[in-house]
Amino acid sequence: SGVTVAVRVRPFNSRELALGDTSCVVSMLDNETFVNSAKGEEHRFAYDYSFWSFDNKGGDFASQEFVYESLAQPILAKAFEGYNTCLFSYGQTGSGKSYSIMGHGDEVGIVPRFSEELFQHIESSCDSNVTLNVEMSYYEIYNEKIHDLLTGPNLIGTPNIREHPVLGPYVEGLSTCVVRSFDEVEGWLNVGNKRRATASTGMNDKSSRSHSVFLLVLTQTQVDGEKHEHSRISKINLIDLAGSERQSTAKTSGERLREGASINKSLHTLGKVISLLSERSTTVPKKKKLFIPYRDSVLTWLLRESLGGNSKTAMLATISPASVHLEETLSTLRYAKQARSIINTARVNEDPKARLIRELQMEIERLKNQGGVGGDATSELIRTSVTEIASLKEKLSMKEREMAEMAKSWQEKLLCSEQQKLEESQLLKKSGVALKIDRSLPSLVNLNEDPQLSELLFYMLNEGEVHVGQSVKEEGGVHCIQLQGPLIADKHCIIINRNGRISIAPVADAPTYINGNLIAMATDIHHGDRVILGGNHFFRFNHPKEAERRKRSGAALNTSANLPKDFEFAKQELFSVQ
Ligand SMILES: Nc1ncnc2c1ncn2[C@@H]1O[C@H](COP(=O)(O)OP(=O)(O)OP(=O)(O)O)[C@@H](O)[C@H]1O
């Protein structure tokens with residue numbers, strides 16, 4: 001089957017509106033997308049779906065729910081049939097990939113909807129002969145290296161990619177966590193996003209430059225009439241690719257160039273792979289032997305089965321409606337057009353052990369039947385059949401023991417995942433991140449240029465002192481906030497809460513800013529103030545009681561409701577003062 005391809009156009013963003021770039025160059029009719037250039041040329045593309053999310057006034061508006069139902073729900077159904085499935089979003093930075101895949105705030109995206117429905121389906125499944133198990137991984141590919149977002153050391157580094165006989169390429173050492181409900185998926189996503197937020201702080205654009213992969217492995221084990229088990233395993237990849245802008249528009253110095261080049265390596269190879277696969281399936285006679293360079297990048301190696309292989313795959317291309325992005329939009333649309341001609345050959349994944357057991361059973365049956373016709377058969381044939389049956393029965397019981405062993409290891413995996421979750425929570429807690437938010441206490445909340453990673457990390461400021469730095473430790477009842485990054489000093493600053501009055505004192509000359517101003521001594525902070533540590537860790541200070549007091553006295557609150565803007569505002573403030 002072909003790759004299902006959809007295009008989605010988002011509304012103007014605040015930057016485009018500020019530039020006065022308000023003529024929408026994109027229009028859609030049924031499954032077609034049209035782009036009009038300034039010269040009056042019309043470019044026309046047909047896909048499986050064209051999602052109009054430009055404004056929610058028209059009747060043809062494609063909501064998050066509609067996009068999910070059209071594109072992801074069929075993928076979920078295929079996963080339950082036992083196929084590998086994959087959905088990936090492709091488009092330039094800021095075009096709406098993460099919004100579609102993960103969602104923002106109440107506008108829940110594909111990953112949470114998909115996981116919730118998957119567990120609803122499992123819970124409502126009334127076949128007691130089938131057990132369903134789900135495992136989850138969540139990781140980023142950044143700079144051709146893997147960052148595990150769930151447990152263990154964050155950086156796996158240059159990945160060791162291995163080949164599983166049924167499931168295809170996988171990353172050795174990547175954590176997989178057993179999940180038994182949607183709540184557990186949400187819990188792990190939360191851990192993963194907190195880890196993403198901590199790791200991306202102080203690294204410009206990291207989140208838009210990395211490919212993030214949410215992976216579920218669904219195993220359905222069926223016990224048939226004779227108490228023999230067989231499993232179907234589906235690998236579900238939901239992927240938010242890095243921004244697709246070309247090298248020419250990316251920054252080009254030092255580390256940035258290296259990162260850009262590596263990320264481009266993955267996207268560049270993806271482009272090559274898509275174009276070759278499209279060539280393979282559209283040329284007559286078919287070029288079956290065409291070499292596809294999957295192994296040239298981590299992303300394409302891991303996606304091998306999803307592109308031109310054993311998978312049901314869908315692509316969501318996201319575009320901006322603004323004329324400033326016309327070239328990028330056209331390049332995304334051409335890419336999507338090519339992807340649509342890729343042909344995959346999906347098959348149901350069966351555990352080879354299960355298949356073997358079935359084959360052994362069939363063989364025993366066949367031999368028994370031969371023996372059964374024994375009236376005419378020679379005694380020699382019967383003797384051979386009996387010994388063969390005995391040896392096959394032995395093999396069969398060995399395979400069955402192996403299957404039971406697998407079931408046991410599932411229980412172990414479950415315990416292990418619970419233990420890992422506990423350890424991860426403790427690690428976050430140790431670094432000062434609150435696991436339970438006390439809305440009555442003053443706190444610092446992180447701001448990130450990626451709106452998805454903003455306001456994820458809350459640091460509570462209890463009465464007394466909170467020590468902040470790279471190497472501070474929770475000792476003698478003193479709370480601490482551990483921050484990483486080259487611009488953070490070992491002991492960076494001390495935040496003091498005296499009867500609800502909060503001040504920050506830098507240690508030595510560790511760079512500490514309040515509302516863009518570098519401070520040299522203990523300085524009070526107030527509700528809504530922006531605090532920047534080391535020049536790249538951005539926070540907003542929340543003081544619920546002060547906010548309440550000010551509200552009662554009618555004083556204005558210096559806080560903005562829009563978090564992404566909050567980050568930009570804090571950044572501008574910092575640079576204008578500097
Ligand atoms: N369909 C949409 N409706 C409303 N707002 C949207 C839509 N798509 C994107 N946005 C908004 O546009 C902004 C950028 O979107 P998003 O973060 O999803 O981009 P992205 O393509 O994932 O970028 P990056 O490559 O940097 O991760 C966000 O503030 C998001 O809320």
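The chain is numbered in sequence order, starting from 1. Every number for a ligand or one of its atoms is a count from 1 in the order of the listing.
- Ligand 1 has no nitrogen or oxygen under 3.5 angstrom from a nitrogen or oxygen of Thr318.
- For ligand 1, the atoms lying closer than 4.0 Å to a non-hydrogen atom of Gly96 are 8 (N), 9 (C), 15 (O), 16 (P), 18 (O), 19 (O), 20 (P), 21 (O).
- Using cut-offs of 30° and 60° for the angle between ring planes, the Phe66 and Phe51 rings count as perpendicular.
- Rounded to the nearest 0.5 angstrom, Arg10 CZ and Asp55 CG are separated by 13.5 Å.
- When the options Val5, Leu71, Thr33, Val7 are evaluated for a side-chain contact (heavy atoms from CB on, under 4.5 Å) with Tyr49, the one that passes is Leu71.
- Considering backbone and side-chain N/O atoms, Arg10 never comes within less than 3.5 Å of an N/O atom of ligand 1.
- The N/O atoms of Gly94, backbone and side chain alike, include one that comes under 3.5 Å of an N/O atom in ligand 1.
- In this structure, Gly91 falls outside the shell of residues with a heavy atom less than 4.0 angstrom from ligand 1.
- Ligand 1 lies nowhere less than 4.0 angstrom from a heavy atom belonging to Glu107.
- Applying side-chain hydrogen bond (donor to acceptor under 3.5 Å, both in side chains) to Glu546 and the options His527, Lys551, His526 leaves one that passes, His526.
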After noting the C-alpha distance and the side-chain angles of Ser266 and Glu144, does the key distance pass the side-chain hydrogen bond (donor to acceptor under 3.5 Å, both in side chains) rule?
-> CA-CA 7 Å; Ser266 265; Glu144 293 299 280; 2.6 Å; yes
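- Less than 4.0 angstrom separates some heavy atom of His104 from each of these atoms of ligand 1: 17 (O), 28 (C), 30 (C), 31 (O).
- Taking distance alone, with nitrogen or oxygen atoms compared against 3.5 Å, Lys97 approaches ligand 1 more closely than that limit.
- Between Trp52 and Phe54, the two ring planes are tilted [angle within 30° to 60°].
- At a 4.0 Å heavy-atom cut-off, ligand 1 does not touch Ala242 at all.
- The Gln92 neighbourhood of ligand 1 comprises atoms 21 (O), with distances under 4.0 Å to a heavy atom of that residue.
- Atom NZ of Lys337 has 12 or fewer neighbouring heavy atoms from other residues, nucleotides or ligands inside a 6.0 Å radius.
- Among the atoms of Ser95, some N or O lies under 3.5 angstrom from an N or O of ligand 1.
- A salt bridge links Arg195 with Glu424: the distance from a Lys NZ or Arg NE/NH1/NH2 to an Asp or Glu carboxylate oxygen falls below 4.0 Å.
- For ligand 1 and Ser53, the ligand atoms under 4.0 Å from any heavy atom of the residue are 1 (N).
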